[in-house]
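Comments concern the structure below.
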Protein chains: 2
Amino acid sequence: MTELGEAAGVLAPPRRRDAAATRATILEAAKTAFAVTGYDRTSLRDIAALAGSDVALIPRYFGGKEGLFTEALKATIAPDRLRDWDRSRFSRDVAEMMAGAADIADPRTRTFQFLLQAATSPTTAPLLGQAVQERFLAPIRDWLGDEAGQERARVLAAIYIGFLVERLIRGAALEGAERTAFVERVTAVIDGVIGAE
Amino acid sequence: MTELGEAAGVLAPPRRRDAAATRATILEAAKTAFAVTGYDRTSLRDIAALAGSDVALIPRYFGGKEGLFTEALKATIAPDRLRDWDRSRFSRDVAEMMAGAADIADPRTRTFQFLLQAATSPTTAPLLGQAVQERFLAPIRDWLGDEAGQERARVLAAIYIGFLVERLIRGAALEGAERTAFVERVTAVIDGVIGAE
DNA sequence: CGGGTAAGTCAACATGCATTGACATAAGGA
DNA sequence: TCCTTATGTCAATGCATGTTGACTTACCCG
């Protein structure tokens with residue numbers, strides 16, 4: 001795997017012979033590798049090299065490649081809390097972000113790619129759906145306010161995802177007049193959903 | 001591969017020893033298989049079995065697995081013309097569809113899964129982006145009218161994609177009050193973009 | 001009708017993969 | 001310090017895959 005670079009053991013903490021630490025290191029490496037290369041194109045050897053560990057530890061600690069993947073998926077889905085977004089700025093911030101280019105170095109981009117990969121697999125899609133419900137839709141609904149229905153969070157999430165995908169396949173950032181028009185329209189669409197004025 | 005069933009040679013036409021026909025059959029099988037299982041999880045033996053052909057023909061006819069994939073991708077992207085959608089009904093039709101369940105038997109669902117798979121791969125994403133521009137954004141822009149900017153088509157496409165993904169990870173159809181509210185809101189959002197009243 | 005060529009079949013190969021088990025070694029308490 | 005156990009290392013195995021080449025056979029033109 002050239003896409004992850006050849007750096008090995010970057011994530012490894014100084015302590016040696018610590019099972020919990022190496023486990024965590026491997027899991028972190030797996031999250032990155034799976035996000036960039038996807039499940040099948042990522043070999044356990046790649047992950048082990050990135051983590052600076054040995055391949056044989058992975059089947060032992062995670063029960064196999066699939067176990068590692070599902071655990072990485074769960075760990076990825078659980079965010080470090082939704083940011084306290086300013087409601088009046090939220091839509092414009094999102095619109096500006098979507099008008100830019102997808103940065104593969106941004107861990108959020110990798111996370112999203114990871115989740116999108118999971119969405120396309122029939123086996124992981126249900127797991128993802130349940131997790132999205134718990135960790136994503138519920139917080140958004142709370143953020144939107146008690147009067148908001150489940151459907152409102154759903155619509156917002158869908159639109160958000162759609163723009164992320166569009167940015168992904170677009171590749172480059174928007175420029176000039178198209179950018180300003182795009183930002184305006186995206187802002188309007190999101191405001192229409194979250195009910196800001 | 002169990003997911004595609006064990007039926008072999010279903011797509012095969014009666015004529016034998018016809019290179020063009022077998023090539024087309026293999027390509028059709030590849031489009032299906034790639035959409036359902038993704039690039040890596042689909043083996044050439046699976047495709048050959050589905051097409052009722054021999055594995056060795058694929059490297060010979062398509063130059064390898066990658067060649068087959070890109071050709072299947074191009075063939076998938078090119079639709080048999082956009083339908084002449086009724087502008088006044090478009091948003092509601094889409095909303096109703098999105099509220100339903102994703103049907104894997106529907107070839108459009110498979111096509112979308114295929115494209116989504118392609119979007120997550122760094123190698124195929126640019127190819128997909130260019131194709132989406134030509135075959136998708138341009139027609140939508142024409143449909144929206146000359147006064148509409150490129151960004152309007154882009155936003156519509158993004159929202160459309162987002163709802164498709166949401167439906168995919170949701171799995172089941174929406175029911176009851178949430179469904180009606182969802183349909184209403186989706187209709188409003190789309191109308192806001194396409195400018196219908 | 002017969003031969004030449006295209007089309008299909010089959011077996012084999014090289015490769016990369018996940019996984020397993022045996023072995024070495026560091027860590028920490030008695 | 002020594003012994004036990006957890007932890008890391010290494011080599012080997014079995015399997016599935018893409019690809020190649022040699023072989024067989026159907027088709028078609030003369």
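- When ring centroids are compared, B:Phe114 and B:Tyr39 stay outside the 6.0 Å threshold.
- No hydrogens or angles considered: a donor-acceptor pair under 3.5 Å links the side chains of B:Ser91 and B:Asp191.
- Linking Ile, Leu, Val, Met, Phe, Trp and Tyr residues whenever their side-chain heavy atoms come within less than 4.5 Å leaves A:Val183 and A:Met97 in two separate clusters.
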Check nucleotides 22-24 of chain D against the protein and report each pair of N or O atoms closer than 3.5 Å, with its distance, or say if there are none.
| from | atom 1 | to | atom 2 | distance (Å) |
| --- | --- | --- | --- | --- |
| D:dA22 | N6 | B:Arg60 | NH2 | 3.4 |

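- Take the nearest nucleotide of DNA chain C for B:Ala56 and for B:Ala19: the residue whose nucleotide is more 5' is B:Ala19.
- At a threshold of 4.0 Å, the pair A:Glu175-A:Arg179 does not count as salt-bridged, since none of the basic side-chain nitrogens sits closer than that to a carboxylate oxygen.
- As rounded to whole Å, 12 Å separates atom P of C:dG8 from atom CD1 of B:Ile58.
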*Walk me through it: do B:Arg154 and B:Glu151 pass the test salt bridge (Lys or Arg N to Asp or Glu O under 4.0 Å)?*
CA-CA 5 Å; B:Arg154 222 182 263 281; B:Glu151 40 82 30; over 6 Å; no

What nitrogen or oxygen pairs link the protein and nucleotides 12-18 of chain C at under 3.5 Å?
| from | atom 1 | to | atom 2 | distance (Å) |
| --- | --- | --- | --- | --- |
| C:dA18 | OP1 | A:Leu44 | N | 3.0 |
| C:dA18 | OP1 | A:Lys65 | NZ | 3.2 |
| C:dA18 | OP2 | A:Leu44 | N | 3.0 |
| C:dA18 | N7 | A:Arg45 | NH1 | 3.0 |
| C:dA18 | N7 | A:Arg45 | NH2 | 3.4 |
| C:dA18 | N6 | A:Arg45 | NH2 | 3.2 |

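- In this structure, CG of B:Leu57 is placed 6 Å from P of C:dG8, rounded to the nearest angstrom.
- In this structure, A:Glu178 does not pair ionically with A:Arg185, as no charged nitrogen and carboxylate oxygen lie closer than 4.0 Å.
- Computed from coordinates, the B:Arg23 CZ to C:dA6 C1' distance equals 16 Å when rounded to whole Å.
- The shortest non-hydrogen separation linking A:Arg141 to A:Ala153 is N-CB, 4.0 Å.
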Return a table of donor-acceptor pairs under 3.5 angstrom between the side chains of residues 155-164 of chain A and protein atoms on other chains or two or more places apart.
none

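- The interatomic distance linking B:Phe62 (CZ) with D:dG18 (P) rounds to 15 Å, in whole Å.
- Under 4.0 Å is where a charged nitrogen must lie from a carboxylate oxygen, and between A:Glu71 and A:Arg23 at least one such pair does.
- Here A:Tyr61 reaches the OP1 or OP2 of D:dG8: one of its side-chain N or O atoms lies under 4.0 Å away.
- Between A:Thr22 and D:dG8 there is a side-chain N or O to OP1 or OP2 distance below 4.0 Å.
- Protein atom CG of A:Leu68 is 14 Å distant from nucleotide atom C1' of C:dT19, rounded to whole Å.
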